[in-house]
Amino acid sequence: MRILTGIQPSGILHIGNYFGAIKPVLDLQGQGEVFVFLADLHALTSSSNGAAMRENIRTASIDLLACGLDPEQTVYWRQSQVPAHVQLMWTLTSVTPMGLMERMVAYKDKVANGLSANVGLFTYPILQAADILAYDADLVPVGKDQKQHLEVTRDIAIKVNEAYGEGTLKLPDAKISEDVAVVPGLDARKMSKSYGNTIDIFTEEKALRKKVMSIVTDSTPLEASKDPDSSTIVDLYRLFASPEQVQQMKDEFRAGGVGYGHFKQRLFEAIWEYYAPMRTRREEILAKPGYVDEVLEEGARRARAVAEPTLERVWQAVGMR
Ligand code: ADP
Ligand code: TRP
């Protein structure tokens, strides 16, 4: 069983990324061959600042290791260090119908949100398909928002197989983590860097508390009963606390007499404690200069050993060899 996913190094990791993308993958470590890469070429489609990009890649590469990515168990590399991704992508562009790309919701959303429509953004799903297909991945754990990209990946693989022979590419399955499908942000919308409503994992204690305290709540008075089922505080607390602790908080919500500030403080403590071991590991990694680059270099070597033979197989099928 080969499990593969890509994480965009598009900024500082937040709780949504962690529960939506990182944790589900880390939980699979040891259950198969796990492949995780930093999708730096994808991030490039929404960037115009080289220094910021370099810094984002550095931060993300460290943070994933700090979160528990084990380079002994998992192949971990940077997309741009394995040329086969782009080489396979170009091959796939030649079988991908325009209509398929024009239906992509993520692209339409980004344009609607004011991102300029560059061609990279448009062809983004084809690069993603190449990322997956180059490794003959069986399973791709992703957030709900990536469902369509996975469907397109299968569609493209089917097209290739129809044109050039069954078995040219392997059809992957998506693994959508339904229970934590969408982590809400400070304003109850989906937590996202682009909404500026994130709670970041590796922040200072004071800054983290301030963030949690800024969760938007309604104006129910302190003494009144509150609805736990429509509360961002409870929804987030669920991710960090035991079922008993969550039940306790819900009961206190309903009972009244406790203000939102108190619940936020409890949520803050749970988050701070949860990430304590990861903060420690992060410090350890930062104390070893060159370590992260070595890990990624070795990962790229192992990734190339898998992706290059796939590319050869496809090039053989399409007549480039
Ligand atoms: P952002 O929306 O902050 O820009 P990305 O688009 O870089 O985040 O997402 C990186 C990964 O994290 C994706 O797999 C995505 O599905 C997941 N993810 C991001 N935000 C959330 C969220 N609020 N809930 C669940 N998963 C999320
Ligand atoms: N598009 C994905 C995201 O924004 C990142 C990604 C790129 C990816 N290539 C991938 C995820 C391949 C899974 C498999 O989250």
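All heavy atoms count here, side chains included; hydrogens, waters and symmetry mates do not. Start at 1 and go down the list; that is how both ligands and their atoms are numbered.
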*asked:* For the residue pair H149 / Q146, report whether a side-chain donor-acceptor contact shorter than 3.5 Å exists.
replied: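 Result is yes, a qualifying pair exists.
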_Between Y260 and D218, do the side chains contain a donor N or O and an acceptor N or O under 3.5 Å apart?_
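Result is yes, a qualifying pair exists.
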Quick check: [X] and ligand 1, any N/O pair under 3.5 Å apart?
| X | value |
| --- | --- |
| D145 | yes |
| Q8 | no |
| Q146 | no |

*So which pairs with a foot in residues 194-204 pass salt bridge (Lys or Arg N to Asp or Glu O under 4.0 Å), sequence neighbours left out?*
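Checked against salt bridge (Lys or Arg N to Asp or Glu O under 4.0 Å) - neighbours excluded - no pair reaches residues 194-204.
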*For A21, the ligand 1 atoms whose distance to one of its heavy atoms is below 4.0 Å*: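 In order of numbering, the contacting atoms are 11 (C), 12 (O), 14 (O).
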*Step by step, work out the salt bridge (charged side-chain N to carboxylate O under 4.0 Å, His left out) result for K159 and D155.*
CA-CA 6 Å; K159 282 246 170 251; D155 290 343; over 6 Å; no
*Nearest non-hydrogen atom to atom 18 (N) of ligand 1 belongs to which of S194, S46, G16, A43?*
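It is G16 whose heavy atom sits nearest to atom 18 (N) of ligand 1.
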*Tell me which one of K193, M191, R189 gets a heavy atom nearest to atom 20 (N) of ligand 1.*
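Answer by nearest heavy atom: M191.
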_Those residues that, when tested against E269, pass salt bridge (Lys or Arg N to Asp or Glu O under 4.0 Å) (two or more places apart)_ =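 E269 satisfies salt bridge (Lys or Arg N to Asp or Glu O under 4.0 Å) with no other residue.
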_Just to verify, what does D235 make a salt bridge (Lys or Arg N to Asp or Glu O under 4.0 Å) with, not counting sequence neighbours?_
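D235 satisfies salt bridge (Lys or Arg N to Asp or Glu O under 4.0 Å) with R238 once adjacent residues are dropped.
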_Residues E33 and R302 bridged, charged N to O under 4.0 Å_ =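 A salt bridge is absent here (no side-chain N lies under 4.0 Å from a carboxylate O).
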*asked:* Check this for me, if you would: do R254 and D229 make a salt bridge, where the nitrogen-to-carboxylate-oxygen distance has to be below 4.0 angstrom?
replied: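 Yes, R254 and D229 are salt-bridged.
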*Is V142 near ligand 1, meaning one of its heavy atoms is under 4.0 Å from it?*
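No, V142 has no heavy atom closer than 4.0 Å to ligand 1.
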*Set of residues that line ligand 2, where lining means a heavy atom lies under 4.0 Å from it*: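 Close residues (ligand 2, cut-off 4.0 Å): T5, G6, Q8, F37, A39, H42, Y124, Q128, D131, I132, V140, V142, Q146.
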*Qualifying residue, where the test is side chain to side chain contact (heavy atoms under 4.5 Å, CB included) with I285 and the options are V292, D63, T280*: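 For I285, the side chain to side chain contact (heavy atoms under 4.5 Å, CB included) test succeeds with only one of V292, D63, T280, which is V292.
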